[in-house]
Amino acid sequence: MHNRPDFLKNISPHHGEVLHNVLSKETQAALATKLDAMPNGKTWYADIYQKAIYGPMVFRDQELSIIETIEELLPNYRILTDLYLEKTPDDQGFPFHTDFDSIGFMEHPEDMLTVWIPLTPVKEEGSGQLSIVMEEGAVRLSLIREANQLHSLVRVVDSSVPEHMPFQITQQEYDYLERTKVTPSVDAGDALLFCNAFFHKSEDVHQGKRSAYIMRLVPKDARFSKTRLLGLKKLGQNLPVVNELLKEHYPDAI
């Protein structure tokens, strides 16, 4: 695994970290059974993947002990929401992107930690691996995109905020991301940790399907932005979690 550059420690200390054997084979099987039985979600993810369920909240199932597992591994974090994605050779998946669009409701979204756990091995090309970027130039580009998206969210709440040109990755920048990406080999039940505000992409599946269970973690002392929550609520993004956070932190805004 590519070593994480020192500068990341001050931004997102777990970006690019791989944890092995996070979920036992028994937990993987029980989790897969529960997710297989759930219908495809009504979300824009379902237009891109064979099956996509946003927010099944299966981590709350006490029989799986996922909350306890994360508490032991990352005691300073708590799980906020989850996601399940199945990818086949017919699914293009996401090109390089950040996740700020749908879950950018923290005052410091770069503190959010994604825990990506494949339920099928993704150890070689064609298995549906996840690539991330850790070069300083790519991180700076992602933070520029984050600021751009924040501006757009603020405009959703306050239309008096001036418009600006939309953020676009140039071909030269995309080539740079491809050239500097890191694509770790991850076994079923392992976890790849990365910052949701940094660029990452889904690689191709050549045969069969790749299934991945994904959790979004936040520091236990995380602060949430009222403006960003209201913007996402107005856009209809991540409504169950957004409404929970508004009720908890800004009940007057509901």
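The analysis underlying the following values was restricted to heavy atoms, covering all of them including side chains, and did not include hydrogens, waters or symmetry mates.
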>> With a 4.5 Å cut-off on side-chain heavy atoms, are Asn243 and Lys233 touching?
In response: yes
Distance-only check: which donor-acceptor pairs under 3.5 Å involve side-chain atoms of residues 108-118, not counting sequence neighbours?
| unit_1 | atom_1 | unit_2 | atom_2 | d |
| --- | --- | --- | --- | --- |
| Thr114 | OG1 | Arg216 | NH1 | 2.9 |

> Between atom CD1 of Ile214 and atom CZ of Phe194, what is the distance when rounded to the nearest 0.5 Å?
Replying inline: 7.0 Å
> Using a side-chain heavy atom cutoff under 4.5 Å and only I, L, V, M, F, W and Y, what cluster partners does Leu141 have?
Replying inline: Phe96, Val133, Ile144, Phe167, Ile169, Tyr174, Tyr176, Leu177, Phe199
>> For a quick test of reading the model, state the closest non-hydrogen atom pair linking Thr227 to Val154 and the distance between them.
In response: CG2-CG2, 4.0 Å
>> Please enumerate all residues that pass side chain to side chain donor-acceptor pair (under 3.5 Å) together with Lys25, with sequence neighbours excluded.
In response: none
>> Using modelled atom types and a 3.5 Å cut-off, is there a donor and acceptor pairing between side-chain atoms of Asn40 and backbone atoms of Lys51?
In response: no
> Taking Gln28 for the side chain and Leu23 for the main chain, is one N or O donor matched with an acceptor at less than 3.5 Å?
Replying inline: yes
> Checking side chain to side chain contact (heavy atoms under 4.5 Å, CB included) for the pair Leu193/Val18: CA distance, chi angles, key distance, verdict?
Replying inline: CA-CA 6 Å; Leu193 278 53; Val18 175; over 6 Å; no
> Looking only at heavy atoms, what is the nearest atom pair of Leu80 and Val218, with distance?
Replying inline: CD2-CG1, 3.9 Å
> Partners of Asn21 by side chain to side chain donor-acceptor pair (under 3.5 Å), sequence neighbours excluded?
Replying inline: none
Side-chain polar contacts of residues 246-254 - donor-acceptor pairs under 3.5 angstrom, sequence neighbours left out - could you list them?
| unit_1 | atom_1 | unit_2 | atom_2 | d |
| --- | --- | --- | --- | --- |
| Tyr250 | OH | Phe224 | O | 2.6 |
| Asp252 | OD2 | Lys226 | NZ | 3.4 |

> Are any of the side-chain heavy atoms of Leu35 and Pro56 separated by less than 4.5 Å?
Replying inline: yes
> With sequence neighbours left out, what residues match Phe59 under ring-ring contact (aromatic ring centres under 6.0 Å, His included)?
Replying inline: none
>> Taking Leu239 as the starting point, is it possible to reach Tyr84 by hopping between hydrophobic residues whose side chains are less than 4.5 Å apart?
In response: no
>> Could you check whether Glu178 pairs with Lys201 (Lys NZ or Arg NE/NH1/NH2 to Asp/Glu carboxylate O, under 4.0 Å)?
In response: yes
> What residues, two or more places apart in sequence or in another chain, satisfy salt bridge (Lys or Arg N to Asp or Glu O under 4.0 Å) together with Glu107?
Replying inline: Arg223
> For the residue pair Val186 and Ala191, what are the closest heavy atoms and their distance?
Replying inline: CG1-N, 4.4 Å
> Looking at residues at least two apart in the chain, or sitting in another chain, which of them share a side chain to side chain contact (heavy atoms under 4.5 Å, CB included) with Val205?
Replying inline: Lys87, Pro89, Arg210
> How long is the span from the CG atom in Leu119 to the CD atom in Glu86, to the nearest 0.5 Å?
Replying inline: 9.0 Å
> Do side-chain atoms of Asp61 reach the backbone of Glu63 as a donor and acceptor pair under 3.5 angstrom?
Replying inline: yes
> Which atom names give the shortest non-hydrogen contact between Leu85 and Ala52, and what distance separates them?
Replying inline: CD2-CB, 3.6 Å
>> Please find the pair of heavy atoms, one from Met38 and one from Lys34, that lie closest to each other, and give the distance.
In response: CG-O, 3.3 Å
> Which distance, rounded to the nearest 0.5 Å, do you find between the CD of Glu146 and the CG of Leu143?
Replying inline: 5.5 Å
>> Classify the ring geometry of Phe198 against His15: parallel below 30°, tilted from 30° to 60°, perpendicular beyond 60°.
In response: perpendicular
>> For Glu244, give me all partners under side chain to side chain contact (heavy atoms under 4.5 Å, CB included), at least two apart in sequence or on another chain.
In response: Arg60
> Could you give the distance from CG (Leu217) to NE2 (His14), rounded to the nearest 0.5 Å?
Replying inline: 9.5 Å
> Are side-chain heavy atoms of Asp190 and Val22 found at a separation under 4.5 Å?
Replying inline: no
>> Applying side chain to side chain donor-acceptor pair (under 3.5 Å), can you list everything that pairs with Asp187, at least two apart in sequence or on another chain?
In response: none
> Quick one: do the Thr88 and Asp91 side chains pair a donor with an acceptor below 3.5 Å?
Replying inline: yes
>> Checking side-chain hydrogen bond (donor to acceptor under 3.5 Å, both in side chains) between Lys181 and each of Glu135, Glu203, His200, which is the one that passes?
In response: Glu203
>> Going by the rule side chain to side chain donor-acceptor pair (under 3.5 Å), which residues pair with Ser12 if we only count those two or more places apart in sequence or in a different chain?
In response: none
> Under 3.5 Å, is there a donor-acceptor pair between the side chain of Arg228 and the main chain of Leu153?
Replying inline: no
>> As an exercise, state the distance from CG of Leu232 to OG of Ser225, rounded to the nearest 0.5 Å.
In response: 9.0 Å
> For Ser142 and Thr98, which heavy atoms make the closest approach, and how far apart are they?
Replying inline: CB-CG2, 4.2 Å
Donor-acceptor pairs under 3.5 angstrom involving side-chain atoms of residues 65-79: please list them, not counting sequence neighbours.
| unit_1 | atom_1 | unit_2 | atom_2 | d |
| --- | --- | --- | --- | --- |
| Thr69 | OG1 | Ser65 | O | 2.9 |
| Glu71 | OE1 | Lys220 | NZ | 2.9 |
| Glu71 | OE2 | Lys220 | NZ | 3.1 |

>> Side chains of Thr183 and Leu130, heavy atoms from C-beta outward: is any pair under 4.5 Å?
In response: no
>> Donor-acceptor pair, distance only, cut-off 3.5 Å: does the side chain of Asp82 make one with the backbone of Met215?
In response: no
>> Determine whether Met106 and Asn196 satisfy the following criterion, side chain to side chain contact (heavy atoms under 4.5 Å, CB included), listing intermediate values before the conclusion.
In response: CA-CA 11 Å; Met106 294 168 60; Asn196 76 296; over 6 Å; no
>> If we ignore hydrogens and angles and just use 3.5 Å, is the side chain of Gln92 paired with the main-chain N or O of Ile48 as donor and acceptor?
In response: no
> Checking His151 side chain against Pro162 main chain: does a donor-acceptor pair fall under 3.5 Å?
Replying inline: yes
>> Using 0.5 Å steps for rounding, measure from the SG atom of Cys195 to the CG atom of Asp99.
In response: 9.5 Å
>> Between Asp204 (side chain only) and His206 (backbone N and O only), is there a donor and an acceptor less than 3.5 Å apart?
In response: no
